[in-house]
Amino acid sequence: MLAIDLASKVALITGASRGIGRSIALTFAQCGAKVAVNYAQSEADARSLVQEIETLGGEAFPVQGSVSEPAEVRRICEQVGQKYGKIDILVNNAGITSRKGIEELAYGELEKTMQVNLLGAFYSVKEVLPFMLPTQSGVIINIASTGAYTGGGGGPHYAASKSALIGFTRNLARSLGPKGIRTNVLAPTLIVTDFLKSLYPSPEDQHKLILQVPLRRLGYPEDVAYLAAFLASDLGSFINGQVIILDGGRTYA
Ligand code: NAP
């Protein structure tokens with residue numbers, strides 16, 4: 001039987017305490033990977049995820065640190081290296097937004113968003129490369145957003161950060177591909193998480209969103225996680241430099 005096999009792989013998932021990152025970490029563990037569950041603040045959530053993975057017979061550990069700080073990212077990667085000896089897969093999932101137009105956006109808010117959504121990915125890639133380059137193998141998955149194309153997802157700060165993440169990814173695909181490292185983007189929209197609820201708190205708003213989706217439903221974290229697992233596995237070994245949209249047909253259908 002064909003299955004997604006991540007056995008013997010070590011994966012670092014940033015922002016894995018909640019939402020999409022949590023689901024990716026759980027799914028990767030279910031596919032056999034050892035998982036480093038990064039979080040910034042939600043320690044209890046990260047620990048409960050690790051416990052859930054262990055109960056299912058998998059291996060995981062929580063690793064605190066903000067991706068917006070290069071020194072913390074270096075420490076995170078060192079901790080994963082000490083624990084598991086390598087890093088095969090990096091998922092740059094940690095991300096923030098706020099619902100603000102250009103008029104309301106204060107100076108500094110663009111920088112803060114960039115610091116997590118773009119620079120966090122940049123620092124993480126820099127710090128995992130010493131693990132990937134010696135073996136000439138690795139997988140990097142960056143979580144962007146359809147907001148990179150539509151301008152949605154909160155405001156100009158968010159859309160700019162996710163557009164930049166796509167350009168960053170395409171360069172990595174060209175430069176790291178010859179070194180055996182594949183880099184791709186998943187661009188979801190309307191995935192039911194705290195993030196979405198912060199943008200659209202009312203049930204009425206959420207109902208209106210459903211009507212924008214040809215499949216007439218919102219997305220779930222598992223919708224992203226299953227594709228991430230496929231991409232991270234050898235089944236996705238010819239996929240590099242792509243942006244794969246998960247939106248039920250909302251953006252272009
Ligand atoms: P979420 O439910 O708000 O969870 C965000 C996660 O990121 C949390 O685990 C949080 O950890 C972590 N995080 C935030 N800042 C961090 C930092 N500086 N360092 C490390 N971790 C940090 O968000 P989500 O909906 O799952 O979103 C995950 C990713 O998908 C984001 O990149 C987002 O832009 C993208 N996305 C989401 C949607 C959607 O509809 N939900 C659509 C398109 C794209 P703590 O709780 O510990 O702070």
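Index from 1, following the sequence. From a predicted model like this one, the values you see are computed outputs, not experimental measurements. Whatever order the structure lists ligands and atoms in, that order sets their numbers, starting from 1.
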Problem - Distance filter under 4.0 Å to Tyr39 heavy atoms, resulting ligand 1 atoms - result: 47 (O)
Problem - Numbered atoms of ligand 1 (with element) below 4.0 Å of Gly95, judged on heavy atoms - result: 7 (O), 31 (C), 32 (O)
Exercise for the section: For Glu222 and Thr27, run side-chain contact (heavy atoms from CB on, under 4.5 Å): C-alpha distance rounded to whole Å, both residues' side-chain angles, the deciding distance at 0.1 Å, then the answer. Expected result: CA-CA 8 Å; Glu222 294 75 19; Thr27 301; 5.5 Å; no
Practice task
Could you tell me whether some N/O pair between Ser42 and ligand 1 is separated by less than 3.5 angstrom?
Solution key: yes
Practice task
Below 4.0 angstrom from a heavy atom of Asn38, which ligand 1 atoms are there? Numbered from 1 as shown, please.
Solution key: 20 (C), 21 (N)
Problem - Candidate with minimal heavy-atom separation from atom 15 (N) of ligand 1, of Leu196, Ile96, Thr189, Asn142 - result: Ile96
Practice task
May I ask whether Gly65 has any heavy atom positioned less than 4.0 angstrom from an atom of ligand 1?
Solution key: yes
Handout entry: Side-chain ion pair, Asp194 and Arg22, N-O less than 4.0 Å
Key = no
Problem - Among Ser66, Ser68, Ser161, Gly154, closest by any non-hydrogen atom to atom 18 (N) of ligand 1 - result: Ser66
Fill in the blank from the handout: When distances are taken from atom 43 (C) of ligand 1, the protein heavy atom at minimum range is Pro188 O, 3.1 Å
Fill in the blank from the handout: Any heavy atom of Thr14 under 4.0 Å from ligand 1? The part involved is neither
Problem - Between OG1 on residue Thr97 and CG on residue Leu199, distance to nearest 0.5 Å - result: 5.0 Å
Practice task
Between Leu49, Ile191, Leu209, flag the one that comes closest to atom 40 (O) of ligand 1 by a heavy atom.
Solution key: Ile191
Exercise for the section: Check the angle between the aromatic planes of Tyr84 and Phe61 and answer parallel, tilted or perpendicular using the 30° and 60° thresholds. Expected result: perpendicular
Problem - Side chains of Phe131 and Val10 in contact at under 4.5 Å (non-hydrogen atoms) - result: no
Exercise for the section: For Asp247 and Thr146, test the side chains for any donor-to-acceptor distance below 3.5 angstrom and give the result as yes or no. Expected result: no
Problem - Mode of Lys162 contact toward ligand 1 - side chain, backbone, both, neither (heavy atoms, under 4.0 Å) - result: side chain
Problem - Side-chain heavy atoms of Leu90 within contact of Val125, under 4.5 Å - result: yes
Practice task
Decide whether the shortest distance between a heavy atom of Ala144 and an atom of ligand 1 is less than 4.0 Å.
Solution key: yes
Exercise for the section: Mark up the atoms of ligand 1 that fall under 4.0 Å of a heavy atom belonging to Asp194, in ascending order. Expected result: 2 (O)
Fill in the blank from the handout: In this structure, atom 6 (C) of ligand 1 is nearest to the protein heavy atom Gly15 O, 3.6 Å
Problem - Nearest protein heavy atom with distance in Å, relative to atom 31 (C) of ligand 1 - result: Asn93 O, 3.2 Å
Exercise for the section: Say whether, by atom type as modelled, one donor and one acceptor occur between the side chain of Asn38 and the main chain of Val63 under 3.5 angstrom. Expected result: yes
Handout entry: atom 10 (C) of ligand 1: the protein heavy-atom neighbour that sits closest, reported with distance to 0.1 Å
Key = Arg18 NH2, 3.7 Å
Practice task
For Thr193, take its heavy atoms, then give the atoms of ligand 1 lying under 4.0 Å from any of them.
Solution key: 2 (O), 24 (P), 25 (O), 26 (O), 41 (N)
Problem - Single-linkage hydrophobic cluster, 4.5 Å side-chain cutoff, Ile13 and Val37 together - result: yes
Practice task
Would you indicate which of Leu218, Val116, Ile143 comes nearest to atom 30 (O) of ligand 1 when only heavy atoms are counted?
Solution key: Ile143
Exercise for the section: For the pair Asn93 (side chain) and Thr14 (backbone), establish whether a donor and an acceptor sit closer than 3.5 Å, ignoring hydrogens and angles. Expected result: yes
Problem - Protein contact to atom 19 (N) of ligand 1 [nearest heavy atom, distance to 0.1 Å] - result: Val67 N, 3.0 Å
Handout entry: Donor + acceptor pair across side chains of Gln51, Arg47 (<3.5 Å)
Key = no
Exercise for the section: Ignoring hydrogens, just give me the one of Tyr200, Tyr158, Tyr220 whose non-hydrogen atom is nearest atom 33 (C) of ligand 1. Expected result: Tyr158
Completion exercise
The closest protein heavy-atom partner of atom 16 (C) of ligand 1 is Ala40 CB, 3.9 Å
Handout entry: Polar side-chain atom of Gln115 near backbone of Ser68 as donor-acceptor pair, under 3.5 Å
Key = yes
Practice task
State, to 0.1 Å, how close Ile4 and Cys31 come at their nearest heavy-atom pair, and which atoms those are.
Solution key: O-CB, 3.5 Å
Handout entry: Contact (N/O only, under 3.5 Å) between Ile20 and ligand 1
Key = yes
Completion exercise
min-distance protein heavy atom vs atom 22 (C) of ligand 1 -> Ala94 CB, 3.6 Å
Problem - Those atoms of ligand 1 less than 4.0 Å from some heavy atom in Gly19 - result: 2 (O), 26 (O)
Practice task
Taking Thr193 for its side chain and Ile20 for its backbone only, find out whether a donor-acceptor pair lies under 3.5 Å.
Solution key: no
Handout entry: Protein heavy-atom partner closest to atom 11 (O) of ligand 1 - residue, atom, separation in Å
Key = Ser17 OG, 3.2 Å
Exercise for the section: Could you grab the distance from atom CD1 of Ile76 to atom OH of Tyr39, nearest 0.5 Å is fine? Expected result: 10.0 Å
Exercise for the section: Identify, by atom number and element, the atoms of ligand 1 in contact range of Leu190, meaning under 4.0 Å from any of its heavy atoms. Expected result: 40 (O)
